[in-house]
Amino acid sequence: MGVDENFLYLHNQDKARHPLAVSRHALCDLSNVSPVVFLYLLKECYAYGTCKATAKFRVLQQQAYGFLYNDPQPGAAIFVAHCLYVLPIFESHCEGFSHLIISALRHFLKVGNGMNGIYKAKLLAAKLFLAIVDGTLHHEERVLVKILEVFDVSLSNIEKAMYDADEKGHTCQTAKVLVEQYISRLVDSQSYMTAVSLLEHFSIRESGESFLLKMLESKEYRAAEKWATFMGRPILCTLVREYVNRKLQKHAFDVIRQNNLREEFPEIYRQYKESKLKKLAEKGCWDVAEARIYDDRQLLEYLVYLAMEAGYMEKVEELCERYSLEGFINVKELEESIPTHRYLQLDELSIKEVVWVDEMNSLLDATCDIEECKVVGVDCEWKPNYEKGSPPNKVSIMQIASDNKVYILDLIKLYGDSPNVLDDCLTRILHSPRVLKLGYNFQCDVKQLALSYGQLQCFKHYDMLLDIQNVFKEPRGGLSGLAKKILGTGLNKTRRNSNWEQRPLTQFQLEYAALDAAVLVHIFRHVRGYTQPTGDQDGHSKIEWKSHIASHIDNSNSKISKKEAKRRNAKAKTDKAPQSVETKELTEQTLS
């Protein structure tokens, strides 16, 4: 464990077994150990530990909980209260050890132990509070709040402690007045969370909206929400309105959702949900969006309109049928009434044929055709996995586009039918130094292919790869944004996260997949004459792209250190070494 490996198992009178990680010190019997000695031994245990500080703290916390079973006198709660009195003399260990023993006592009391002497412990804790408030004893504010909570100190306990200490110089005032004065000092020093915790603990509800505004002005949103929740619905509603006025829609929505205020603020709730749906739709996460609102008809109708605006008509029909949205029965009429965006179409790229490849003969024919090309665009698609922590799905298809044709390879079926033939064909393409492969953020695809088909050699490394994303320093809007910048029209990305494992793919999916690969070739063709702004007065310069060609990318699964992996990645990104003769010949040919 890093603190001490000597374990001693003790039994109490009820034969319950308590594992105690006991050090060489005499902590197995606390009946004659003073709080100062106990804390000193804890400090020695901490210093003796060999693991990291956080791990040592957790182990010691568990040990401290166990130590409370070792008969500390005159009782666990009183013993801990005495420890808190003397802890400030331990200086740098004071705050950490305070949290440690308070946490141990909380756990100890939670299981029904240590109720003997609890009233005396409350009075000691109340006196401890008074000493901290008047500055005669120093503890952090968070520790102060925890002391009040774990000992359940009330105003009457503080009143009794003040009465007992009257002859020692305390003025005659009520506990409530003293607590309120201390809270006022906390507010003046902008310690709002501590102030709110004390207001809540002592059930003091006299602060008004001005207190809420102070917290919001200081951007103490957690404290403001904690206090508003304590005060009830009127202040919660005020908080929501203030959040809206300050354009903090997410904070407003969270308060509405967590406190069931939807009826009070239906419009704010709906607007925020719609904004989230729109963001999900823009990312192509239609299934996620649907899953979040399947029981809300109004939001489902809004999702249908988003699908119409995106031109995703099969999703419109799917939603209408699944949720019986009668108002959307005539999809064709609604489609004509919704303004649509202008997106790049496949026929605009002079693509004459899209070929679906799912058997060996067509794969061999496609490979021979691709090998004759000088430049091809490569892209992949796979079904998204929205389950947190689960592995990603296999790459479903690979698209390879030439100037006028796009091949879409059904990787799942081809791999299942004949992995050796698939491996050989893709090796001939991906490893060829005579075919320039174009990708966009292709490192992501490379990683996913290797994870999906680790047995194949074709995905171990790549030759002659140009990642178009690296050519442009500040791409905006992904591939669609780049297409709009270079070709004048963007891509419709609404089907990016659709189900790519279904067979057959819809015509919309096939067109989407083909476009993603084909547009790379056409962007590359425009790169030669395209210019971008420079800092010079001349205005523009030609884009340098040849130096971004990676003549060889190793994607093998050999075990290397993280440091070495980072070094290789950095080298691959910044390597400007002269190209091979063969690479130079190819790049010159592509310009002709």
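The model shown is predicted, which means the values in this text are computed figures rather than measured ones.
- Between His251 and Tyr221, the angle of the ring planes lies from 30° to 60°, which puts this pair in the tilted group.
- A donor-acceptor contact closer than 3.5 angstrom is absent between the side chains of Gln258 and Glu225.
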side-chain contact (heavy atoms from CB on, under 4.5 Å) between Tyr453 and Val395, intermediate numbers included: CA-CA 8 Å; Tyr453 305 98; Val395 176; 4.1 Å; yes
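- Using a 4.5 Å cut-off on side-chain heavy atoms (C-beta onward), Glu290 and Leu299 make no contact.
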Candidate pair Val378 and Met398, rule side-chain contact (heavy atoms from CB on, under 4.5 Å), full reasoning: CA-CA 7 Å; Val378 183; Met398 173 182 279; 4.3 Å; yes
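- Applying the side chain to side chain contact (heavy atoms under 4.5 Å, CB included) test to Thr427 and every residue at least two apart in sequence or in another chain returns Asp423, His431, Cys458.
- Applying the 6.0 Å contact sphere to CD of Glu263 captures no more than 12 heavy atoms from other residues, nucleotides or ligands.
- The number of heavy-atom neighbours closer than 6.0 Å to CZ of Arg292, taken from other residues, nucleotides and ligands shown, is 12 or below.
- More than 12 non-hydrogen atoms from other residues, nucleotides or ligands lie less than 6.0 angstrom from NZ of Lys394.
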Evaluate side-chain contact (heavy atoms from CB on, under 4.5 Å) for Asn393 paired with Glu501, printing each intermediate quantity in order. CA-CA 9 Å; Asn393 292 310; Glu501 292 182 3; 3.6 Å; yes
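- Summarising the geometry of Glu220 relative to Tyr192, their closest heavy-atom pair is CG-CD1, 3.5 Å, with the distance given to 0.1 Å.
- Heavy atoms only, all atoms of each residue included: Cys368 and Glu372 are closest at O-CG, 3.4 Å.
- Contact of the Ile523 side chain with the Leu482 side chain is registered, since non-hydrogen atoms from C-beta on lie closer than 4.5 Å.
- Note that OG of Ser402 is 7.5 Å distant from CD1 of Ile370, once rounded to the nearest 0.5 Å.
- The two residues Leu491 and Ala483 come nearest to each other via the heavy atoms CG-CB, 4.3 Å.
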Evaluate side-chain contact (heavy atoms from CB on, under 4.5 Å) for Phe265 paired with Val244, printing each intermediate quantity in order. CA-CA 11 Å; Phe265 301 97; Val244 172; over 6 Å; no
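- Here Trp286 contributes atom CH2 and Leu319 contributes atom CG; the two are 8.5 Å apart, rounded to the nearest 0.5 Å.
- Counted within 6.0 Å of CZ on Arg270, heavy atoms from surrounding residues, nucleotides or ligands total more than 12; the atom is thus considered enclosed.
- Side chain of Gln448 to main chain of Asp445: no donor-acceptor pair is present (N/O by atom type, distance under 3.5 Å, no hydrogens or angles).
- Residues Ile397 and Leu505 have side chains in contact (heavy-atom distance under 4.5 Å, counting atoms from C-beta outward).
- Taking CG from Asp254 and CD from Gln249, the interatomic distance works out to 11.5 Å, rounded to the nearest 0.5 Å.
- A donor-acceptor contact under 3.5 angstrom links the side chains of Ser396 and Arg503, judged on distance only.
- With no hydrogens or angles considered, a side-chain donor-acceptor pair links Tyr407 and Asp369 at under 3.5 Å.
- Note on ring orientation: taking the six-membered ring where Trp is involved, the planes of Tyr462 and Phe442 are perpendicular (angle over 60°, cut-offs 30° and 60°).
- Comment: Asp365 does not engage Lys405 in a salt bridge, judged by the lack of any side-chain N to carboxylate O separation of less than 4.0 angstrom.
- His522 places a side-chain N or O within 3.5 Å of a backbone atom of Leu349 that can act as its donor or acceptor partner.
- The CG atom of Asp403 lies 10.0 Å from the NZ atom of Lys374; values are rounded to the nearest 0.5 Å.
- For the pair Arg246 and Glu217, the salt-bridge criterion is met [side-chain N within less than 4.0 Å of a carboxylate O].
- Between Asp467 and Lys437 there is no salt bridge, since no side-chain nitrogen of the basic residue lies less than 4.0 Å from a carboxylate oxygen of the acidic one.
- For Ser350 and Asn404, the side-chain atoms include no donor-acceptor pair closer than 3.5 Å.
- Closest of all the heavy-atom pairs between Pro391 and Asn385 is O-ND2, 2.8 Å.
- Contact detail for Leu466 and Val471: the closest heavy-atom pair is CD1-CG2, 3.9 Å.
- Under the 3.5 Å distance criterion, with hydrogens and angles disregarded, a donor-acceptor pair is assigned to the side chains of Gln509 and Ser498.
- Side-chain atoms of Gln271 and Phe253, non-hydrogen and from C-beta on, never get closer than 4.5 Å to each other.
- Under the 4.0 Å criterion applied to side-chain N and carboxylate O atoms, Glu264 and Arg233 are assigned as salt-bridge partners.
- Using modelled atom types, one side-chain atom of Gln399 and one backbone atom of Ala513 make a donor-acceptor pair closer than 3.5 Å.
- Remark: side-chain polar atoms of Asn259 are paired, donor with acceptor, to backbone N or O of Val255 under 3.5 angstrom.
- To the nearest 0.5 angstrom, Ser324 atom OG is 11.0 Å from Leu300 atom CG.
- Although no hydrogens or angles enter the test, the distance criterion places a donor-acceptor pair under 3.5 Å between the side chain of Lys460 and the main chain of Gly454.
- Going from atom CG of Asn245 over to atom NZ of Lys247 covers 8.5 Å, rounded to the nearest 0.5 Å.
- When the shell of 6.0 Å around CD of Glu359 is examined, it contains more than 12 heavy atoms from other residues, nucleotides or ligands.
- Side-chain contact between Val406 and Leu510: absent, with no pair of heavy atoms (C-beta onward) separated by less than 4.5 Å.
- Residues Tyr415 and Gln455 meet the side-chain proximity criterion, which asks for heavy atoms closer than 4.5 Å.
- By the 4.5 Å heavy-atom criterion applied to side chains, Tyr323 and Arg297 are not counted as neighbours.
- Nearest approach of Leu261 to Cys237, heavy atoms of both residues: CD2-SG, 4.5 Å.
- Contact annotation: the side chain of Arg428 approaches that of Glu371 to within less than 4.5 Å [non-hydrogen atoms, C-beta and beyond].
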